[in-house]
Each structure stands twice: as structure tokens, then as C-alpha cells.
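Below is one structure, written out as C-alpha cells; the observations come after it.
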Amino acid sequence: MTLIALLIFAFAFILITTDLFDKALVAILGALSMIILGILSPEEALEAVSVETIFLLMGMMILVHIASKSGIFEWLNVKIATITRGNPFAIFLFFSLITAVSSAFLDNVTTILLVVPLTIELVKGMGRDPKPYVFAEIIFSNMGGALTLIGDASNIIIGGASGASFVQFLQNMYIPISFAAIFTILVFSIVYWSKLKPISGQLSE
């Protein structure tokens, strides 16, 4: 039975990652297969559903949607341009940090969907290539999501299963995430320095 369960999981995982079919449909069919084959009883399958995770994610998505309609992200875009005075490297650091912090407390996919368009608009307006900024934001979004108990759905499930509190989870994750963030900044600074270095004619104060 264990081997069959692993095969069902592997097959469902492949279908989800390749995006051949709707992810929700694949997950439901995988769960039904486990029940039909007797690996899980209907009661065990229901107990495995993390209702807390579903409602928490739903609540975060509602908050992000309301925030996006309020114009706060557009305001933040203008403030970053003003504070950094158009310095490409400073903008890179600001957007990376904002993406990580936002992803630590909100759904990281939604955060990327909101931050990336603003980044592209600002960086292209400066005549710069936005790709390094977007690549960094994707990485920092994942790091921010891994930092806290509510940063990612998998973290919520792990926290629920282990009984770890928000603070305990953060205490175990902040050191490796900090090293990963520093390492990422160093790598991007070396590889993309020609696109991130300060330029003359930056915005005046």
C-alpha cells in the first residue's frame, strides 16, 4: 500500500508541475484514488484537509486584493524612486527587501504579481533592463515565504503538524534565510553589476 501511495503522489506531482491539467482536479483525483484503493478511509481523508490553511490563505488573498485596489503599491513605487534618487542598485535592494518582507506575511505568488509590474514600469522608465530585478524578486519571494509560519502554505501545514509556534518557526529559519539573502545579493551584484551600477544623471533630491 505504501508503494501505491507513493506512486499516486509521484504521478500527481508530475501532472501538477507540468501543468498539463488543472491542479485542483489533479489533487482531487489523487485523493479519490487513495480512498478508492483503500489506502485512506473517507474519514482519514477529511482529517488530512487543513481547513485552517485554506481559510488563512483565503484571508491573505483578500487583504492583498484590497491593498492592490487602494493604490498603496503605486505609492510605494513612487517613494522608492524618490528615496533612491534613481540609483539602480539601491532600487534593486529596496524591491528585493520589500518582496521578501511582503512574502513573509502575505501569499508570495500574489506579492510577485503585484510587485513585478511595478518594478518593470520603474526600471524601464530609467532605460534599464528589468530582468535582474525580476529574477531577484522571485528568489527573495521564496525566501520571504520560507521565513515565517504563514509565509507559505507548506509552512502552515508543517507548523500545524509539528506544533511549532510563529516565533519558534521564525527562530529556526531567520539564520539560514539571512545567509541565503546575503549570498543572493552578492551573486547578483557580481553577475549583473553592469546593469545595477549607479548611473550619472540620477534623480535629484
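Keep in mind the model is a prediction, meaning the values are calculated, not measured.
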**Request:** I would like to know whether Met126 and Ile91 meet side chain to side chain contact (heavy atoms under 4.5 Å, CB included); could you show each step before the answer?
**Result:** CA-CA 11 Å; Met126 296 166 49; Ile91 291 173; 3.4 Å; yes
**Prompt:** Within the distance-only criterion (no hydrogens, no angle test), does the side chain of Glu44 pair as donor or acceptor with the backbone N or O of Ser41 below 3.5 angstrom?
**Reply:** yes
**Asked** Do Phe13 and Leu40 share a hydrophobic cluster (ILVMFWY, side-chain heavy atoms under 4.5 Å, transitive)?
**Response** no
**Request:** Report the distance from atom CG of Asp22 to atom CD1 of Ile28, rounding to the nearest 0.5 Å.
**Result:** 8.0 Å
**Prompt:** If every non-hydrogen atom of Ser165 is compared with every non-hydrogen atom of Leu149, which pair is closest and at what distance?
**Reply:** C-CD2, 4.0 Å
**Nearest heavy-atom neighbours spanning Lys195 and Pro132** = CD-CG, 3.9 Å
**Prompt:** What distance separates Asp129 CG from Ser194 OG, expressed to the nearest 0.5 Å?
**Reply:** 9.5 Å
**Polar side-chain atom of Ser103 near backbone of Ala100 as donor-acceptor pair, under 3.5 Å** = no
**Request:** Rounded to the nearest 0.5 Å, what's the gap from CE on Met143 to OG on Ser178? Could you check?
**Result:** 9.5 Å
**Prompt:** What is the minimum heavy-atom distance between Ser141 and Thr99, and which atoms define it?
**Reply:** CB-CG2, 3.7 Å
**Asked** Roughly how far, to the nearest 0.5 Å, is CD1 of Ile139 from CD1 of Ile185?
**Response** 11.0 Å
**Transitive ILVMFWY side-chain link Ile138 to Leu118, under 4.5 Å** = no
**Item:** Stepwise side chain to side chain contact (heavy atoms under 4.5 Å, CB included) check, Phe11 with Ser33
**Value:** CA-CA 11 Å; Phe11 186 62; Ser33 300; over 6 Å; no
**Message:** Measuring only between side-chain heavy atoms, which start at C-beta, is Ile39 closer than 4.5 Å to Ile8?
**Reply:** yes
**Asked** Under 4.5 Å between side-chain heavy atoms, hopping through other hydrophobics if needed: is there a path connecting Met34 to Leu37?
**Response** yes
**Asked** Shortest non-hydrogen contact from Ile112 to Glu137?
**Response** CD1-O, 3.4 Å
**Complete:** For Val26 and Ala12 the tightest heavy-atom approach is CG1-O, 3.6 Å
**Item:** Minimum heavy-atom distance between Lys197 and Pro88, given as atom pair plus value
**Value:** O-CG, 3.6 Å
**Prompt:** Any side-chain donor paired with an acceptor under 3.5 Å for Ser102 and Thr111?
**Reply:** no
**Asked** Would you say Tyr133 and Ser96 make side-chain contact, with heavy atoms under 4.5 Å?
**Response** no
**Message:** Under the ring pair (Phe, Tyr, Trp, His ring centres under 6.0 Å) definition, can you give me all pairs with a residue in residues 134-191, not counting sequence neighbours?
**Reply:** Phe92-Phe188, Phe188-Tyr192
**Message:** Do Leu15 and Leu29 land in one hydrophobic cluster if side-chain heavy atoms of ILVMFWY residues count as linked below 4.5 Å?
**Reply:** no
**Message:** Grouping I, L, V, M, F, W and Y whenever their side-chain heavy atoms are under 4.5 Å apart, do Trp193 and Leu93 come out in a common cluster?
**Reply:** yes
**Request:** Kindly compute the distance separating CZ (Phe21) from CD1 (Ile16), expressed to the nearest 0.5 Å.
**Result:** 12.0 Å
**Item:** Check against side chain to side chain contact (heavy atoms under 4.5 Å, CB included), Asn155 and Thr148
**Value:** CA-CA 7 Å; Asn155 295 6; Thr148 64; 5.5 Å; no
**Asked** Say you draw a straight line from CG of Asn172 to OG of Ser162; how long is it, rounded to the nearest 0.5 Å?
**Response** 9.0 Å
